[in-house]
K.L.:
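Structure below; questions to follow.
This one's a predicted model, so the numbers in the text were calculated from it and none came from an experiment. The chains referred to below are lettered A, B, ... by the order of the sequence lines, with proteins before strands, and numbering in each begins at 1.
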Amino acid sequence: MSSSAGQPQFRYAHPPSKVLHLRNLPWECTHEELVELCKPFGKVVNTKCNVGANRNQAFVEFEDLNQAISMVSYYASSSEPAQIRGKTVYLQYSNRQEVVNNKSSGDVASNVLLVTFEGVEAGDVSIDVLHLVFSAFGFVHKIATFEKTAGFQALVQFSDADTAAAARTALDGRSIPRYLLPDHVGSCHLHISFSAHVDLTVKFQSHRSRDYTNPLLPVAASAIDCSSQFALGPDGKKKEPESNVLLASIENMQYEVTIDVLHAIFSAFGTVEKIAMFEKNAGLQALIQFSDVATAVTAKGALEGHCIYEGGFCKLHLAYSRHTDLIVKANNDRSRDYTNPNPGFYQSQPSVLGPQQLPGVQPSPSTDSNFSVSAQRIGSLPQQQSWERPSLPQGGPAPSAMYRPPYSHPEPMVSSGTVPPYQGFPSYSPGPLPADSIHSAFPGQRADTSYQYGQPPPPNPSFQPFGHQYQSTYVPGPGTLPPNGGSPAYM
DNA sequence: AGCACA
């Protein structure tokens, strides 16, 4: 008696229904397999597969109630359990009377993906990490996260079904790289299917939903309230206010860290708008400006504490800057404005691309093989140069207005210990460098090929989330693989 | 192994 008090919902049989609930199904059990199991008892008129957090449940609807009863009755007294692919399937009457929304397999292509996270709780996977992961396949329009019976889930909206399908194919069944997750999370497997949605309605930018197509969308109070946005971190320390500008301090500088190396590293997470480097306390620091806070948050989370070069050299420490928009007056080896539309501004400074790919010059497919942009990226962002922002939907604001907060940034706090003297100071000398500086920036390297390194060893490959799937100009030169063979750290 | 996408 006492043992039955806890879960009365499993103690009594459900009243009969022509819909049966099946569980303990094999992975990605198909509509056809369900029909094969059930058809000896009657006509199956509808199914719904891949139900539940593990997508291992299903519903089967018979044409007639008596057919469902005959199946349940048979297996209730059978010595052989119901099986699919040799796996025992448990079945019972569903508590609903009909299957809704059956698409015969649930695999109808859509531009919106339903993502189920296995092994994590809500909040373990930030919306910024999701944005990073899925942006590898194209422009992510919107993300909405929620909790259901299946656990923590997200809807991710792309421009079109092809892009969504590519993301699903690449990521379904895989895991989010460990370093993108909080320390206490062991792993996070992804289960991805197509959603029936075509356009998500996101009313606020918040910690659970984001609309990347609408920078004017109001920010939910829950997302800007200090008690939540700047809540305690995992270590119990108060988080600093987030910013689209990161302050990087580089420890153990055994090798030179150039502005191009920094640009390559941080560009893996999104468009880097500006970089300014400066000496501080006998060490090198840099301000890296992204177009939006979310990208900076993701980059900080992924890169904090990592070393640019194998062996613990050039270790990065990242903090949020108080700045939101750096003023870069010239492009040189210490400062760079990658958004400056003035072509002359670029003419005489090193680029991570070869000269044949400077603005206004079409890159030749036959000569850019070292320029590692995935085919998916090219397809979704046609003609995009590495320093341009992603293409925006028609009718949106001008790129220069995207992701900008509607307020002007505060004046530099000269008395602050974290603010460099970049604004209006002569350390960023005006005027372009002489044309031959393109060679001096890469000693021993040809400047007319894609990005290659000088003396320093190759960068730590763990900076490349999901390896080749990400757009990155961060290509180690040939023959410079690290001792570990360059295997990604997350594998 | 326990009911479907907010």
K.L.:
Which part of the nucleic acid, if any, lies within reach of A:Tyr93 when heavy atoms closer than 4.0 Å are counted: base, sugar-phosphate only, or nothing?
P.N.:
base
K.L.:
Could you check whether A:Glu98 gets within reach of a base, just the sugar-phosphate, or nothing at all, counting any heavy atom under 4.0 Å?
P.N.:
base
K.L.:
In whole angstrom, what separates A:Phe194's CZ from B:dC5's C1'?
P.N.:
15 Å
K.L.:
Do A:Arg208 side-chain and B:dA6 base share a donor-acceptor contact under 3.5 Å?
P.N.:
no
K.L.:
Between atom NZ in A:Lys87 and atom P in B:dA1, what is the gap in whole Å?
P.N.:
6 Å
K.L.:
Quick check for you: to the nearest 0.5 Å, what is the distance between A:Asn46 atom CG and A:Phe59 atom CZ?
P.N.:
12.0 Å
K.L.:
Just how far, in rounded Å, is P of B:dC3 from OH of A:Tyr90?
P.N.:
15 Å
K.L.:
Output the rounded distance in Å from CD1 (A:Ile143) to C1' (B:dA6).
P.N.:
15 Å
K.L.:
Quick check: closest heavy atoms across A:Phe41 and A:Gln67, and the distance to 0.1 Å?
P.N.:
O-CB, 3.2 Å
K.L.:
Would you mind reading off the distance between A:Gln97 atom CD and B:dC3 atom C1', rounded to a whole angstrom?
P.N.:
13 Å
K.L.:
With a 4.5 Å heavy-atom cut-off, do A:Arg55 and A:Ser193 have their side chains touching?
P.N.:
yes
K.L.:
Counting heavy atoms from C-beta on, name the nucleotide in B:dA1, B:dC3, B:dC5 closest to the side chain of A:His14.
P.N.:
B:dC3
K.L.:
Would you indicate what A:Asn24 reaches in the nucleic acid, counting non-hydrogen atoms under 4.0 angstrom: base, sugar-phosphate, or nothing?
P.N.:
sugar-phosphate
K.L.:
So which nucleotide from B:dC3, B:dA6, B:dC5 ends up closest to the side chain of A:Asn95?
P.N.:
B:dC3
K.L.:
Send over the distance from A:Ile127 CD1 to B:dA6 C1', rounded to a whole Å.
P.N.:
12 Å
K.L.:
Give the nucleotide from the list B:dA4, B:dC3, B:dC5 with an atom nearest to the side chain of A:Phe146.
P.N.:
B:dC5
K.L.:
Aromatic ring centroids of A:Phe158 and A:Phe137 under 6.0 Å?
P.N.:
no
K.L.:
Taking N and O atoms by type only, does the side chain of A:His21 place a donor or acceptor under 3.5 Å from a partner on the base of B:dA1?
P.N.:
no
K.L.:
A:Gln57 has an atom CD; how far is it from atom C1' of B:dC5, in whole Å?
P.N.:
15 Å
K.L.:
Looking at the side chain of A:Ser195, which of B:dA4, B:dA6, B:dC5 is the nearest nucleotide?
P.N.:
B:dC5
K.L.:
Measure across A:Thr213 and A:Pro215 and return the closest heavy-atom pair with its distance rounded to 0.1 Å.
P.N.:
O-CD, 3.6 Å
K.L.:
Mind calculating the distance between CG (A:Leu22) and P (B:dA4) to the nearest angstrom?
P.N.:
15 Å
